[in-house]
Novice: 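Questions regarding the structure given below will be posed in turn.
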Amino acid sequence: MSFSVDYLSQLERFAERGPLPRIRALHLPPDPGANLDNRGEFCALELDDGSVGISYVLLDDTLARLRAAGAGLDLVGTDPLTLARRYVSGTGLDKTLGFACANALTRCLFDRAGYAPPASGDSIGELDPQPGERIGMIGYFKPLLGRVLETGAGLTVIELKAELAGERDGYRVTLDARELSTCSKVLSTSTILLNDTLDTMLGYCRKAQKLALIGPSAGCLPDALFARGVTFLGGNWVSDRSAFIDALESGESQKGAARKVALTPEHYPGLDALLARIGFPSA
């Protein structure tokens with residue numbers, strides 16, 4: 001089965017533990033044409049209990065379609081699990097909304113179980129590159145290149161954009177994902193959770209000792225990813241909902257409103273343990 005099917009199956013188990021909060025609002029970023037770094041790339045889906053799920057919106061024309069649809073999406077007050085199922089069955093706009101809602105339900109689950117992931121102290125997913133190692137990077141993380149190259153490790157970047165391909169100073173960008181099979185450690189953008197490349201990319205990473213998946217939209221349940229070889233899931237944990245939404249919609253810095261967190265197989269209690277903490281509603 002695909003990751004999306006596994007993810008939704010896990011959320012359906014959570015839904016059995018009691019009523020879920022309804023959808024409160026969808027929050028969109030400003031025009032990405034502005035000089036906002038990566039702060040105009042994500043939407044937030046908010047539930048009535050304040051849970052927030054984040055998703056990337058710049059694949060194809062997704063953001064333009066979300067803006068055009070506006071209130072016509074008719075999401076407010078609806079069942080979140082119904083929307084989350086679009087992550088499995090939908091494409092484009094529907095898949096993006098489904099993923100954001102699934103991530104909001106994950107935050108709801110964590111809160112009800114009294115679980116908060118530990119803060120992340122490493123921007124490159126605890127890969128610990130060593131001199132002479134070959135590191136793979138799925139997606140062009142320009143701000144993180146120096147962290148890898150300064151260790152003396154080699155770096156191969158996998159990209160979908162042909163205009164980025166070529167030799168660079170100390171590393172290479174290629175369109176050929178098969179080159180990941182030569183990498184001992186891999187750092188990936190969480191966008192592969194949304195663009196239907198996850199299973200393909202992970203298939204090329206079978207020889208990797210460490211595989212880190214990072215990004216603001218990596219707010220999903222990690223169990224099915226750990227089962228597929230991911231060793232580090234790094235996402236954003238919203239700590240001040242109001243300030244976070246204001247920052248997202250205005251394109252301002254979200255510093256202080258959200259923190260980066262790290263989930264690893266060694267320290268994550270697992271879905272079964274979290275559901276046991278929640279229990280079932282009394283008859």
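What you see is a predicted model; the values in this text were computed from it and never measured.
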Novice: Would you check if L194 and K95 make a side-chain contact, meaning some heavy-atom pair closer than 4.5 Å?
Specialist: yes
Novice: Can you tell me if R86 uses its side chain to pair, donor with acceptor, with the backbone of G98 under 3.5 Å?
Specialist: no
Novice: Evaluate the side-chain proximity of K260 to N236: yes if any heavy-atom separation is below 4.5 Å, no if none is.
Specialist: yes
Novice: Report the residues that fulfil side chain to side chain donor-acceptor pair (under 3.5 Å) with R277, sequence neighbours left out, ordered by chain and then residue number.
Specialist: none
Novice: Give the intermediate values and the outcome of side chain to side chain contact (heavy atoms under 4.5 Å, CB included) for residues L160 and L175.
Specialist: CA-CA 6 Å; L160 295 176; L175 308 181; 6.0 Å; no
Novice: Side chains of S55 and S217: do they bring a donor and an acceptor to under 3.5 Å?
Specialist: no
Novice: Side chain to side chain contact (heavy atoms under 4.5 Å, CB included) for I214 and L144? Distances and angles first, verdict last.
Specialist: CA-CA 12 Å; I214 66 172; L144 302 182; 3.9 Å; yes
Novice: Under 3.5 Å, which donor-acceptor pairs do the side chains of residues 11-18 form with other protein atoms, sequence neighbours left out?
Specialist:
| unit_1 | atom_1 | unit_2 | atom_2 | d |
| --- | --- | --- | --- | --- |
| E12 | OE2 | R85 | NE | 3.1 |
| R13 | NH1 | D272 | OD1 | 3.2 |
| R13 | NH2 | D272 | OD1 | 2.8 |

Novice: Tell me whether T151 contacts the main-chain N or O of R147 through its side chain, where contact means a donor paired with an acceptor under 3.5 Å.
Specialist: no
Novice: We want to know whether Y7 and N103 form a side-chain donor-acceptor pair, criterion being a heavy-atom distance below 3.5 angstrom.
Specialist: yes
Novice: Between T189 and M137, is any pair of side-chain heavy atoms under 4.5 Å apart?
Specialist: no
Novice: Is it true that a side-chain atom of K210 and a backbone atom of E126 form a donor plus acceptor pair closer than 3.5 Å?
Specialist: yes
Novice: Please list, chain by chain and in numerical order, all residues satisfying side chain to side chain contact (heavy atoms under 4.5 Å, CB included) with S51, sequence neighbours excluded.
Specialist: L47, D49, R107, C108, D111
Novice: With the side chain counted from C-beta on, respond yes when I135 and C183 share a heavy-atom pair under 4.5 Å apart, and no when they do not.
Specialist: no
Novice: Does the R112 side chain pair with the main chain of L109, one donor and one acceptor, at a distance under 3.5 Å?
Specialist: no
Novice: How far apart are the C-alpha atoms of L274 and F110, what are their side-chain angles, what is the distance that settles it, and do they pass the side chain to side chain contact (heavy atoms under 4.5 Å, CB included) test?
Specialist: CA-CA 7 Å; L274 295 178; F110 283 172; 3.5 Å; yes
Novice: Which pairs, with at least one residue in residues 71-83 and sequence neighbours excluded, count as a side chain to side chain donor-acceptor pair (under 3.5 Å)?
Specialist: D79-T82
Novice: Of all the heavy-atom pairs spanning T62 and G92, show the shortest one and how long it is.
Specialist: OG1-C, 4.0 Å
Novice: So do the side chains of L20 and L81 get within less than 4.5 Å of each other, counting heavy atoms only?
Specialist: yes
Novice: Given side chains that start at C-beta, do those of D128 and D122 come closer than 4.5 Å, heavy atoms only?
Specialist: no
Novice: Can Y268 and D223 be counted as having a side-chain donor-acceptor contact under 3.5 angstrom?
Specialist: yes
Novice: Please name all residues satisfying side chain to side chain donor-acceptor pair (under 3.5 Å) with T156, sequence neighbours left out, ordered by chain then number.
Specialist: R134
Novice: Using every non-hydrogen atom in the two residues, find where L58 and G40 come nearest and quote the distance to one decimal.
Specialist: CD2-O, 4.1 Å
Novice: Looking only at side chains, do T197 and N195 share a donor and an acceptor under 3.5 Å apart?
Specialist: yes
Novice: Apply side chain to side chain contact (heavy atoms under 4.5 Å, CB included) to residues M201 and V186 and explain how you reach the verdict.
Specialist: CA-CA 10 Å; M201 291 298 180; V186 177; over 6 Å; no
Novice: Does S9 have any side chain to side chain donor-acceptor pair (under 3.5 Å) partners at least two apart in sequence or in another chain, and if so, which?
Specialist: none
Novice: Is there a side-chain contact between P29 and F42 in this structure, where contact means two heavy atoms from C-beta onward sitting under 4.5 Å apart?
Specialist: no
Novice: Any side-chain heavy atom of L233 within less than 4.5 Å of one from V261?
Specialist: no
